[in-house]
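Working notes for the structure below.
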Amino acid sequence: MLTKHLAQVLDTLNMKALLIWAVLLNFYKLLQTSDCTSTHDQVLSIQVTTHQQADIVRNISSQYETVLWSPASPEYIGAHTEVHLFVPANNLGTVTDLLQTHHLTHQVLLDNTEELIEMQTRNESSDPRSSASYYERYHSLEDIYYWINKTAQEHPDMVKVILIGSSYEKRPLYVLKLSGRQERAEKRAIWIDCGIHAREWISPAFCLWFVQYSLNFYNLNNDITEMLNSMDIYVLPVMNPDGYKYTWTTNRMWRKNRSLSKESNCVGTDLNRNFDANWGTKGASNRPCDEIYCGQFPESEPEAEAVANFLRSHKDSVKLYLSIHSYGQMLLFPYSCSNEEVPNHAELFELVQDAAMKIRRYYRNNYKYGASAKTIYLAPGGSDDWAYNLGIHYSFTFELEDRGRYGFLLPPSLISKACNEALLALKSIALRVIQKTQPQP
């Protein structure tokens, strides 16, 4: 009887051992196959070394529901290019297999983009008056409109809201005019626009940050006091409200505006290819489905037209133009549309070089600087080139943090650092421009 019972126990133990062995074997096989892939969307950094590899990556970046983060378009991908590519989870196995097959070195930059997006949108509903941390979070379009009205109400002596037009979907384009309390005849002006590309959320965050800094530190900080006493500052917090709204509700990776084309089912135009500066030439696309589609004609988009009309009507007073973008950490000036140097190239180079040195000294962070086309790539139809050709000869584009670690999904904890760096560069350049454009007695 005892022997029979012992045999039964051993049989049971053997069965359990066999089951455990089978489970472990299947798990091992799973690890060896491509079925064991991430369940999250990822951003990959891909090192392209040859022209053949460039062709492969251009092809991949146009398929498999991928979104090209950097560079802005497949046509910019060449030999010796670092590519940042957003890949949805359902196509991750296919894409990584293709990269391995063609010996393309790659690594995961972001392993869980959904978690970062949730972090960016977590606290968007708080009241602006609650705490300074309001400016260390990202905010929905509705929240920004509320903030604009509240800011104007609370600072009627320094803030005026100007409606310069509306978007394709009829959302208002509000500009805040900041002025010091010192009246001066023939006051000069600065223009700052943010959010021309929808997914670049740190850009509108900077515009909000800059406005609150200007109001809080006027008469406390010498630099901002001098700027506001010498110049009116026009701030457009969200130039592309339709696209920005869409990134909050539907597709966080959206870049363009939301205009519809009669000739295509594809939506949107790249507003920074829609200005009349070598419009439609190399570096822009005439295909509506492309990320750098330039539109049907210069200023075909109501957002670009509204900004252009405002600047045309203020071209005699606006001395400094600044467009805020991300990412890449760069301080750029015209031309983007041509490799030709502008007449005051050396002067503009000195201004961005000095600003970059200050960022490095105070924040231990490196920014590239130079003429846009030579520093990154040709980008015709840009607002900065158009403003320069209008006669605003101190025209700049800032690409804020970072260099790709988080890219467009920069965590809220890094907003403060990114904005302080941009603020330092802006003050550095603006104070020099004030000196250089002093009215002659």
Side-chain angles (χ1 to χ4, degrees), residues 27-50 52-122 138 197-202 247 250-255 291 325-330 365-366 368 376-377 399-415 417-418:
F27 182 67
Y28 175 77
K29 286 181 177 178
L30 190 63
L31 288 173
Q32 300 304 307
T33 66
S34 59
D35 292 334
C36 186
T37 57
S38 171
T39 56
H40 303 295
D41 302 336
Q42 291 186 350
V43 177
L44 304 179
S45 174
I46 306 164
Q47 299 295 331
V48 179
T49 55
T50 68
Q52 184 182 10
Q53 288 181 337
D55 290 337
I56 298 297
V57 176
R58 277 195 293 269
N59 185 46
I60 292 172
S61 69
S62 304
Q63 299 183 62
Y64 310 110
E65 300 174 276
T66 61
V67 180
L68 192 56
W69 275 24
S70 178
S73 170
E75 72 176 65
Y76 298 130
I77 299 173
H80 310 294
T81 304
E82 181 181 355
V83 174
H84 297 163
L85 187 68
F86 171 86
V87 185
N90 59 312
N91 284 319
L92 195 57
T94 303
V95 170
T96 52
D97 283 349
L98 281 168
L99 294 175
Q100 288 167 0
T101 299
H102 295 282
H103 309 291
L104 277 149
T105 303
H106 62 281
Q107 62 178 349
V108 177
L109 276 179
L110 298 176
D111 184 44
N112 188 351
T113 60
E114 297 98 321
E115 186 179 324
L116 282 170
I117 292 169
E118 196 276 329
M119 191 187 302
Q120 285 190 321
T121 58
R122 190 173 295 154
Y138 296 106
H197 290 141
R199 61 193 179 188
E200 298 170 9
W201 283 12
I202 188 59
T247 62
T250 309
N251 180 358
R252 178 63 185 85
M253 304 305 160
W254 190 258
R255 169 185 168 92
E291 293 279 45
H325 293 245
S326 77
Y327 57 95
Q329 296 180 196
M330 290 179 277
N365 207 0
N366 293 318
K368 291 173 71 175
I376 40 176
Y377 43 63
E399 296 278 357
L400 304 194
E401 284 204 15
D402 54 14
R403 288 185 181 272
R405 173 66 187 88
Y406 295 104
F408 301 122
L409 301 182
L410 194 72
S413 60
L414 297 178
I415 290 175
K417 182 171 179 289

Using a 4.5 Å cut-off on heavy atoms from C-beta on, say whether the side chain of [Y] contacts that of [X].
X      : Y      : result
Leu104 : Ile56  : yes
Tyr76  : Thr81  : no
Ile46  : Thr105 : no
Trp201 : Leu410 : no
Tyr64  : Leu98  : yes
Met330 : His325 : no

For the side chain to side chain contact (heavy atoms under 4.5 Å, CB included) test, which of Val83, Val108, Leu109 pairs with Leu44?
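When side chain to side chain contact (heavy atoms under 4.5 Å, CB included) is applied between Leu44 and each of Val83, Val108, Leu109, only Val108 qualifies.
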Would you give the length of the straight line joining atom [atom1] of [X] to atom [atom2] of [Y], rounded to the nearest 0.5 angstrom?
X      : Y      : atom1 : atom2 : answer
Ile60  : Thr94  : CD1   : OG1   : 10.0 Å
Leu414 : Leu400 : CG    : CG    : 12.0 Å
Leu85  : Thr66  : CG    : OG1   : 4.5 Å
Trp254 : His197 : CH2   : NE2   : 12.0 Å
Ser61  : Glu75  : OG    : CD    : 11.0 Å
Glu114 : Leu409 : CD    : CG    : 10.0 Å

Going through the checks in order, is the side-chain contact (heavy atoms from CB on, under 4.5 Å) test met by Glu399 and Lys368?
CA-CA 9 Å; Glu399 296 278 357; Lys368 291 173 71 175; over 6 Å; no
Is the closest basic N to carboxylate O distance between Glu291 and Arg199 below 4.0 Å?
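Looking at Arg199 together with Glu291, the answer is yes, because their closest N to O distance falls below 4.0 Å.
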What do the steps show when you test Thr50 against His80 for side-chain contact (heavy atoms from CB on, under 4.5 Å), and what is the final call?
CA-CA 7 Å; Thr50 68; His80 310 294; over 6 Å; no
Show, in sequence, the C-alpha distance, side-chain angles and deciding distance for Thr121 and Tyr138, and conclude whether the side-chain contact (heavy atoms from CB on, under 4.5 Å) test is met.
CA-CA 7 Å; Thr121 58; Tyr138 296 106; over 6 Å; no
Taking the side chain from [X] and the backbone from [Y], do they hold a donor-acceptor pair closer than 3.5 Å?
X      : Y      : answer
Arg252 : Ile117 : no
Glu200 : Ser326 : yes
Asp41  : Thr113 : no

Show your reasoning for whether side chain to side chain donor-acceptor pair (under 3.5 Å) applies to Glu401 and Asn365.
CA-CA 10 Å; Glu401 284 204 15; Asn365 207 0; 3.1 Å; yes
Please give me the minimum heavy-atom distance between [X] and [Y], naming the atom from each residue.
X      : Y      : value
Pro411 : Leu116 : CG-CD2, 4.2 Å
Ser62  : Pro74  : OG-CG, 3.9 Å
Val43  : Phe86  : CG2-CD1, 4.1 Å
Gln120 : Pro412 : CA-CG, 4.1 Å

A cation-pi test, strictly: NZ or CZ of Arg255 under 6.0 Å from the centre of the six-membered ring of Trp69 and no more than 45 degrees from its axis. Yes or no?
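Relative to the ring axis of Trp69, which defines the angle, Arg255 lies outside at least one limit.
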Audit row: Asn90, Glu65, side chain to side chain donor-acceptor pair (under 3.5 Å) steps and yes/no
CA-CA 9 Å; Asn90 59 312; Glu65 300 174 276; 3.0 Å; yes
Is there a side-chain contact (heavy atoms from CB on, under 4.5 Å) between Asp402 and Gln329 once you walk through the steps?
CA-CA 6 Å; Asp402 54 14; Gln329 296 180 196; 3.9 Å; yes
Look at atom CD of Glu82 and say whether more than 12 heavy atoms of other residues, nucleotides or ligands are closer to it than 6.0 Å.
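Yes, the 6.0 Å shell around CD holds more than 12 heavy atoms from other groups.
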So Tyr327 and His84, would you call those rings parallel, tilted or perpendicular, with 30° and 60° as cut-offs?
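It falls in the parallel class, under 30°.
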Checking side chain to side chain donor-acceptor pair (under 3.5 Å) between Thr49 and each of Gln53, Gln47, Gln52, which is the one that passes?
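With Thr49 as partner, Gln53, Gln47, Gln52 yield a single side chain to side chain donor-acceptor pair (under 3.5 Å), made by Gln53.
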